[in-house]
Amino acid sequence: MFRSKRLSDGAHAVITGAGSGIGQAFAVALAARGGAVVCSDIDAALAEATVAQIEAAGGRALATVCDVTRLSDVEKLADTAIDWFDGRPDLVINNAGVGAGGDAIGDMSMDDWRWVLDINMWGVIHGCHVFAPILREAGQGGIINVASTASFAAAPRMGAYNASKAAVLAVTETLAAELADTPIRVTALCPTFVQTNIMKAGRISASSSKIADNLMRWGGVSAESVVKSALAGLDRGQLYVLPQLDARVVWRLKRLLPTGYTKGLGFINRFTTQDPSATTARD
């Protein structure tokens with residue numbers, strides 16, 4: 001039976017990577033809409049800080065640790081949520097992710113490839129693998145997978161990140177097709193630059209980090225505005241949410257002028273400097 005109210009209102013939500021950035025903004029927004037939120041993060045202190053913020057505003061939330069690269073952790077997350085909710089979750093947001101960039105394919109280390117894919121791709125796969133059957137059995141609910149415009153933009157020197165987010169988009173589209181004859185809604189969130197710490201907390205070369213910082217400063221939007229768009233899209237049953245104008249422009253350009261689009265990226269790439277030094281951290 002379909003809900004008569006918005007799915008995002010009063011939801012029992014589970015969020016990965018809820019300790020900062022988009023994940024934290026989702027947690028705060030859903031709690032403000034009367035929901036109860038399980039805030040998971042690999043960093044316990046960050047998850048607890050999000051919960052403290054929610055509780056200070058009168059909301060209800062639980063902090064828990066989850067390494068999304070481990071299927072057993074995600075299974076434990078589901079058990080923890082069901083116990084705390086005393087029932088199944090209504091909404092699952094697979095958000096945990098890391099940034100990487102600056103090296104061309106062939107120059108980026110295999111360790112960095114595996115690190116990015118383990119978190120960004122396998123984290124979402126694990127989340128869908130564990131929670132999709134739970135929602136299917138309940139016969140209602142929603143899943144938001146946080147992808148990126150990188151999932152289709154194919155910008156140079158971002159091979160691992162592009163591949164990980166393209167996989168997220170493909171998994172989301174597949175899941176949406178599998179659940180199309182049910183009331184369960186599936187949404188892929190594909191933003192461009194969002195004002196979070198993902199650029200600092202990633203494996204990004206110094207030169208690329210400087211460019212990204214400038215783009216973030218001048219073109220980045222708030223995580224709160226992106227989350228608002230995502231939840232509105234979910235409530236409308238929207239598969240793709242491209243919350244920024246530049247994301248929508250890239251989406252159309254690549255489809256209308258694929259050869260010209262790729263040549264344009266190549267032109268931009270020739271002016272991209274490469275720095276072998278990189279910082280290492282997690283979002």
Smallest separation among heavy atoms of [X] and [Y], with atom names:
X      : Y      : result
Leu169 : Ala188 : CD1-CB, 3.7 Å
Ser225 : Ser222 : OG-O, 2.8 Å
Val65  : Ala44  : CG2-CB, 3.5 Å
Ala247 : Leu242 : O-CD2, 3.6 Å
Ala29  : Val227 : CB-CG1, 3.9 Å
Ala160 : Leu117 : O-CD2, 4.2 Å

Would a distance-only check, ignoring hydrogens and angles, find a side-chain to backbone donor-acceptor pair under 3.5 Å from [X] to [Y]?
X      : Y      : result
Asn162 : Ala153 : no
Asp41  : Ala47  : no
Thr50  : Ala18  : yes

State, yes or no, whether a side-chain contact exists between [X] and [Y] at a heavy-atom distance under 4.5 Å.
X      : Y      : answer
Thr187 : Leu239 : no
Leu135 : Gln140 : no
Val38  : Phe85  : yes
Val92  : Ile134 : no
Leu175 : Glu178 : yes
Gln53  : Gln24  : yes
Thr174 : Val171 : no
Ser151 : Cys190 : yes

Open item on the list: Please verify the inter-ring angle class for Trp251 with Phe152; under 30° counts as parallel, over 60° as perpendicular, anything in between as tilted.
Closed with: perpendicular
Looking at [atom1] of [X] and [atom2] of [Y], how far apart are the two atoms once the value is rounded to the nearest 0.5 Å?
X      : Y      : atom1 : atom2 : result
Asp103 : Asp112 : CG    : CG    : 7.5 Å
Ile82  : Leu77  : CD1   : CG    : 9.5 Å
Arg252 : Leu257 : CZ    : CG    : 13.0 Å
Arg33  : Leu7   : CZ    : CG    : 10.5 Å
Asn145 : Leu189 : CG    : CG    : 9.5 Å
Gln244 : Ser229 : CD    : OG    : 8.0 Å

Report yes or no: do [X] and [Y] belong to one cluster of Ile/Leu/Val/Met/Phe/Trp/Tyr joined by side chain heavy-atom distances under 4.5 Å?
X      : Y      : result
Val168 : Tyr161 : no
Val68  : Trp122 : yes
Leu265 : Met108 : no
Val226 : Val146 : yes
Ile22  : Leu91  : yes

Could you tell me if [Y] and [X] have a donor-acceptor pair between their side chains, going purely by distance under 3.5 Å?
X      : Y      : answer
Asn95  : Thr16  : no
Asn120 : Ser164 : yes
Asp67  : Thr69  : yes

Open item on the list: With a 6.0 Å cut-off (strictly less than), is the heavy-atom count around CG of Asp86, excluding the residue itself, greater than 12?
Closed with: no
Open item on the list: Tell me whether the count of non-hydrogen atoms from other residues, nucleotides or ligands lying under 6.0 Å of NZ in Lys254 goes above 12.
Closed with: yes
Task: Among Thr64, Ile15, Ile54, Leu62, side chain to side chain contact (heavy atoms under 4.5 Å, CB included) partner for Cys39 - done: Ile54
TODO: Apply side chain to side chain contact (heavy atoms under 4.5 Å, CB included) to Leu71 and His129, showing your working.
DONE: CA-CA 9 Å; Leu71 178 59; His129 175 76; 3.9 Å; yes
Open item on the list: One thing to verify: whether Asp73 and Lys76 come together as a salt bridge, which I'm taking to mean a side-chain N less than 4.0 angstrom from a carboxylate O.
Closed with: no
- [ ] Applying side chain to side chain contact (heavy atoms under 4.5 Å, CB included), run through Leu231 and Ile144 and close with a yes or a no.
- [x] CA-CA 9 Å; Leu231 294 177; Ile144 297 176; 4.1 Å; yes
Open item on the list: Applying side-chain hydrogen bond (donor to acceptor under 3.5 Å, both in side chains) to Asp246 and Thr192, what does each step give before you reach the verdict?
Closed with: CA-CA 7 Å; Asp246 50 350; Thr192 52; 3.0 Å; yes
Task: side chain to side chain contact (heavy atoms under 4.5 Å, CB included) assessment of Asn94 paired with Cys128 - done: CA-CA 8 Å; Asn94 293 306; Cys128 291; 3.8 Å; yes
Task: Aromatic Phe131 / basic Arg88 pairing, under 6.0 angstrom, 45° off normal - done: no
Task: Cationic tip of Arg60 above Trp84 ring, under 6.0 Å, 45° of axis - done: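 That pair qualifies as a cation-pi contact.
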Open item on the list: Walk me through whether Arg185 and Gln238 qualify under side chain to side chain contact (heavy atoms under 4.5 Å, CB included).
Closed with: CA-CA 8 Å; Arg185 298 169 185 173; Gln238 195 173 325; over 6 Å; no
